[in-house]
Asker: 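My structure is below; once you've seen it, I'll send some questions.
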Amino acid sequence: MDRRAWIAWCLLILSACDDGADPGLDAGPFDAGAPHVVLPFEPTDDTAAYCQGDDAAIEARVQALLEALTLEEKVSLMAGASTGLVEGAWLVPGIEEHGIPGLHMLDGPRGVSGFTSLHATTFPVAMLRGATWDPELEREVGAAMARELKASGADVLLAPTINILRHPRWGRAQETYSEDPMHMGEMGVAFVLGVQSEGVLASAKHFAANSIEDTRHDVDVTLDERTLREIYLPHFERVVRDAHVGSVMSAYNRVNGLYCDLNRHLLTDILKEEWGFAGFVESDWLLGTHGDGESVTAGLDIEMPDDFNFRNLRRAILNRELTEDDIDASARRILRAQLCFGLDARERVLDDPTMRETPEHLALARRVARRGIVLLKNEGGALPLDRAAATRLVVLGRNADVESIGDLGSSQVNPTRVITALDGLREAAPGLEILYIAGTPLPVSEESVVSSADAVIVVTGLQASDEGESDIGAGDRESLALAPDEVALIQRAAALNDRVIVVLEGGAAILVEDFEADVEAIVMAFYPGSEGGAALAEILFGDESPTGRLPFVWPRAEADLPPFDNTSGAVTYGYFHGYRHLMREGTASRYAFGHGLGYTTFAISNLVVDPAVTAGQPVELTVDVTNTGTRRGRATVQAYVAAVGSRVERAAEDLRAFAQVELDPDEMQTVTLRFDADDLRFWDETAAAWELEATEYELRVGQSAEAIEVSATLTAP
Ligand code: BGC
């Protein structure tokens with residue numbers, strides 16, 4: 001959808017949301033009874049940790065502001081100003097005469113929003129970045145995105161998306177990092193720390209259990225408290241506690257009967273009270289707020305992008321559905337965020353193109369793409385391609401010559417240039433004849449060219465028309481299959497040539513059963529960003545050994561996964577999905593969670609760990625990792641735990657720690673991994689509390705969930 005269509009859509013929704021209230025009711029001064037006294041406030045450890053400045057001084061200033069502002073002014077801080085961008089960002093107004101700068105928000109997870117007219121670095125989508133399994137690198141991405149955001153007039157980045165990939169058909173699979181809460185937490189924390197190191201607020205979204213697009217505005221997700229706590233919330237807790245995320249966006253959907261913006265259990269009991277979140281909660285955009293006073297008392301602080309509902313807050317106070325203390329509590333969070341991140345102390349830069357798409361940021365986007373592209377299959381040394389030994393390559397497939405940077409939803413970015421796969425290959429091997437044959441089916445007249453080529457590269461998969469955010473993008477995928485004409489193209493190529501390399505693009509798994517056995521190599525490139533074609537070529541020509549590892553399990557059939565219902569108004573999320581589900585069912589995966597090949601091999605040995613687990617203490621383990629191949633490469637060591645003899649059903653394996661090491665051939669290094677004993681707990685529904693069970697835990701360390709090389713037994717007393 002282009003910008004004009006988007007605005008038209010917004011206006012349509014706006015009129016649907018207008019409750020027809022007499023504006024007269026909203027005008028004029030308040031008379032809420034006796035003079036209001038702002039409750040005193042003492043900074044806590046949580047507010048101190050949240051604050052990037054002198055928290056005591058800032059809390060005192062916030063208190064003074066709350067005392068100085070009228071009720072009307074405080075309410076004005078609690079909603080966006082317009083359905084459209086104001087000066088290039090979604091605006092939450094400030095109050096100039098009080099030195100309150102307001103908030104300026106922009107998406108999103110793969111770079112500065114394309115809803116602006118600005119060009120920005122288009123990073124690989126988050127799922128590819130998840131496949132790097134490299135939080136340090138993700139921290140760099142967060143910082144780079146934040147620098148570009150600041151150079152685009154904004155101070156709140158509407159990212160990261162940290163919703164669990166429950167099913168690969170989810171249209172926004174590409175926007176998130178993982179199907180696994182532990183892995184998601186590591187990547188999310190890193191991104192938030194990176195963003196916020198630049199004084200930009202991150203916004204963790206969408207809180208919570210938001211993993212279906214087509215029914216996102218209404219679907220009621222039913223799940224038990226244990227599933228919520230162990231699967232859908234841990235990574236949100238991590239970004240709050242370990243990265244002090246500036247803001248959290250509530251989700252559109254319902255959870256256990258209540259829309260997320262009305263869900264006090266989520267927003268207040270868990271997020272604000274249990275986890276000590278000190279920032280503000282903003283709603284998801286159009287149709288994301290369902291109440292006025294009710295939403296505020298549930299824990300929603302800001303309605304975005306406009307005050308469709310919150311214009312009635314004044315009325316809610318007069319009707320005594322809400323108190324001025326409730327307004328103070330939200331206004332305090334909003335003011336704290338602005339002052340703690342120093343937004344009042346810096347000039348907003350509306351547009352500085354010299355700070356976007358810088359050579360450093362483009363190089364980072366390329367490095368990340370190279371690090372996250374996953375080599376799924378490589379038979380008989382089909383890859384890497386040898387530039388010196390080859391003379392002609394044939395390139396086929398619907399994605400070879402397209403700008404494959406992701407969906408057209410809110411996460412879209414507008415780069416100056418995209419290096420397509422074809423561009424990348426041609427630029428990386430100027431001495432080779434690289435022949436591109438567009439379209440399907442393969443013309444019979446081209447068959448001899450295909451059969452005589454040194455290799456055939458089929459770049460295929462999904463496009464923005466196949467998956468994305470709903471309303472403005474394509475929504476959920478219809479199936480996990482690759483388009484039949486593309487499958488036929490691969491099969492024809494495989495019949496003609498014995499070195500066929502399939503490069504898949506998309507947000508998550510695409511079924512490969514119809515051609516897997518016929519082709520020599522398969523690469524998952526996700527949507528690799530504006531530099532993606534160059535990174536892909538570096539991998540295919542072997543300039544780098546691939547390091548990407550799947551952050552989800554790759555099934556053989558859709559029937560192997562839990563059902564995905566994107567038509568029903570109500571769904572139930574069970575405890576098992578992804579690799580845990582396949583292992584529970586005893587179903588073979590096509591590619592395991594954590595799987596990814598390189599051009600070298602590694603062996604893990606000599607697991608050393610203290611078998612006695614003590615509550616509240618870290619569990620530290622070491623393993624020796626040796627490069628057993630002939631090239632330098634990077635291993636990803638993964639530690640899984642099985643709770644043996646638990647009194648509740650647990651997963652056969654849960655990822656609990658991972659680490660990477662780069663080694664030369666024959667080099668060995670001892671690698672240390674760490675997790676908390678508390679990570680072994682389960683949520684006891686009866687006690688409504690976490691419990692570390694006195695039982696045995698099997699620790700399994702390997703290079704994927706299904707490639708375990710060493711193990712040990714741990715015991716909790
Ligand atoms: C999306 C959010 C996004 C917001 C603003 C919503 O439709 O769900 O992820 O941040 O729009 O663009």
Asker: Using only heavy-atom distances, determine whether the side chains of N309 and H290 contain a donor-acceptor pair under 3.5 Å.
Answerer: no
Asker: Got L158 and S410 here, is their nearest side-chain heavy-atom distance under 4.5 Å?
Answerer: no
Asker: Kindly give the heavy-atom pair with the smallest separation between F526 and A131, and that separation in Å.
Answerer: CE1-CB, 3.9 Å
Asker: Without swapping roles, check the side chain of H183 against the backbone of G130 for a donor-acceptor pair under 3.5 Å.
Answerer: yes
Asker: If you measure only the distance, is there a donor-acceptor pair under 3.5 Å linking the side chains of H361 and R147?
Answerer: yes
Asker: Is it true that a side-chain atom of N253 and a backbone atom of D220 form a donor plus acceptor pair closer than 3.5 Å?
Answerer: no
Asker: Can a donor-acceptor pair be found, under 3.5 Å and without considering hydrogens, that links the side chain of T176 to the backbone of A173?
Answerer: no
Asker: What I want to find out is whether D466 reaches R477 closely enough, with some N-O distance under 4.0 Å, to be called a salt bridge.
Answerer: no
Asker: Working to the nearest 0.5 Å, report the span between CZ of R241 and CH2 of W275.
Answerer: 8.5 Å
Asker: Does CD in E96 sit with more than 12 non-hydrogen atoms of other residues, nucleotides or ligands closer than 6.0 Å?
Answerer: no
Asker: Measure the CG-CG distance between L66 and L39 for me, rounded to the nearest 0.5 Å.
Answerer: 10.0 Å
Asker: How many angstroms lie between OH in Y527 and CD in E175, if you round to the nearest 0.5 Å?
Answerer: 11.5 Å
Asker: Check whether any side-chain heavy atom of R166 lies under 4.5 Å from a side-chain heavy atom of I231, and answer yes or no.
Answerer: no
Asker: Judged by atom type as modelled, is there a donor-acceptor pair below 3.5 Å linking the side chain of D134 to the main-chain atoms of E136?
Answerer: yes
Asker: Do K205 and D284 touch side chain to side chain, with heavy atoms closer than 4.5 Å?
Answerer: no
Asker: Write down the atom of W90, the atom of S82, and the distance for their closest heavy-atom approach.
Answerer: CE3-O, 4.3 Å
Asker: Would you say the side-chain atoms of D218 and T215 include a donor-acceptor pair closer than 3.5 Å?
Answerer: no
Asker: Quick check against the 3.5 Å criterion: does S411 have a side-chain atom that pairs as donor or acceptor with the backbone of P109?
Answerer: no
Asker: So which atom in G171 and which in D476 form the shortest heavy-atom distance, rounded to 0.1 Å?
Answerer: N-OD1, 2.8 Å
Asker: Is it true that Q63 and E67 share a donor-acceptor pair across their side chains at a distance under 3.5 Å?
Answerer: yes
Asker: Starting from the C-alpha separation in whole Å, work towards a yes-or-no answer on ring-ring contact (aromatic ring centres under 6.0 Å, His included) for Y50 and H244.
Answerer: CA-CA 5 Å; Y50 177 84; H244 312 296; 7.9 Å; no
Asker: Hey, could you give me the OG/NE2 distance between S152 and H119, rounded to the nearest 0.5 Å?
Answerer: 12.0 Å
Asker: Main chain of R367, side chain of R371: is a donor-acceptor contact present, judged purely on distance under 3.5 Å?
Answerer: no
Asker: Could you give the distance from CD1 (I212) to OH (Y252), rounded to the nearest 0.5 Å?
Answerer: 15.5 Å
Asker: Less than 4.5 Å apart, any side-chain heavy atom of M187 and any of S178?
Answerer: no
Asker: Where do A79 and P93 come nearest, in terms of heavy atoms and distance?
Answerer: O-CD, 3.3 Å
Asker: Main chain of A151, side chain of R356: is a donor-acceptor contact present, judged purely on distance under 3.5 Å?
Answerer: yes
Asker: Have a look at E198 and tell me which of M145, K150, E148 forms a side chain to side chain contact (heavy atoms under 4.5 Å, CB included) with it.
Answerer: K150
Asker: For residues R346 and L343, report the shortest heavy-atom separation together with the two atoms involved.
Answerer: NH2-CD2, 3.2 Å
Asker: Apply side chain to side chain contact (heavy atoms under 4.5 Å, CB included) to L103 and F280, showing your working.
Answerer: CA-CA 11 Å; L103 295 160; F280 62 83; 3.6 Å; yes
Asker: Rounded at 0.5 Å granularity, tell me how far CD1 in I405 sits from CG in N414.
Answerer: 7.5 Å
Asker: For the pair Q196 (side chain) and A202 (backbone), establish whether a donor and an acceptor sit closer than 3.5 Å, ignoring hydrogens and angles.
Answerer: yes
Asker: Contact between T47 and T44 at the side-chain level, heavy atoms closer than 4.5 Å - yes or no?
Answerer: yes
Asker: Without hydrogens or angle criteria, can the side chains of S113 and D107 be said to hold a donor-acceptor pair below 3.5 Å?
Answerer: no
Asker: Would you confirm whether Q338, through its side chain, and G102, through its main-chain N or O, come within 3.5 Å as a donor-acceptor pair?
Answerer: yes
Asker: Name the one of V255, L258, I270, L271 that satisfies side chain to side chain contact (heavy atoms under 4.5 Å, CB included) with H265?
Answerer: I270
Asker: Do C51 and R336 touch side chain to side chain, with heavy atoms closer than 4.5 Å?
Answerer: no
Asker: Could you check if a side-chain atom of T161 sits within less than 4.5 angstrom of a side-chain atom of F191, using non-hydrogen atoms only?
Answerer: no
Asker: Determine, stepwise, if the pair H36 / D325 fulfils side chain to side chain contact (heavy atoms under 4.5 Å, CB included).
Answerer: CA-CA 9 Å; H36 173 67; D325 291 341; 3.0 Å; yes
Asker: Is there a donor-acceptor pair under 3.5 Å between the side chain of T121 and the backbone N or O of L362?
Answerer: no
Asker: Under a plain distance cut-off of 3.5 Å, with no hydrogens placed, do Q412 and R110 share a side-chain donor-acceptor pair?
Answerer: no
Asker: Report yes if some heavy atom in the side chain of N263 is under 4.5 Å from a heavy atom in the side chain of F207; otherwise report no.
Answerer: no
Asker: Tell me yes or no: between the side chains of S295 and E303, is some donor less than 3.5 Å from an acceptor?
Answerer: no
Asker: Do NZ/NE/NH1/NH2 and the carboxylate oxygens of R216 and E469 come within less than 4.0 Å?
Answerer: yes
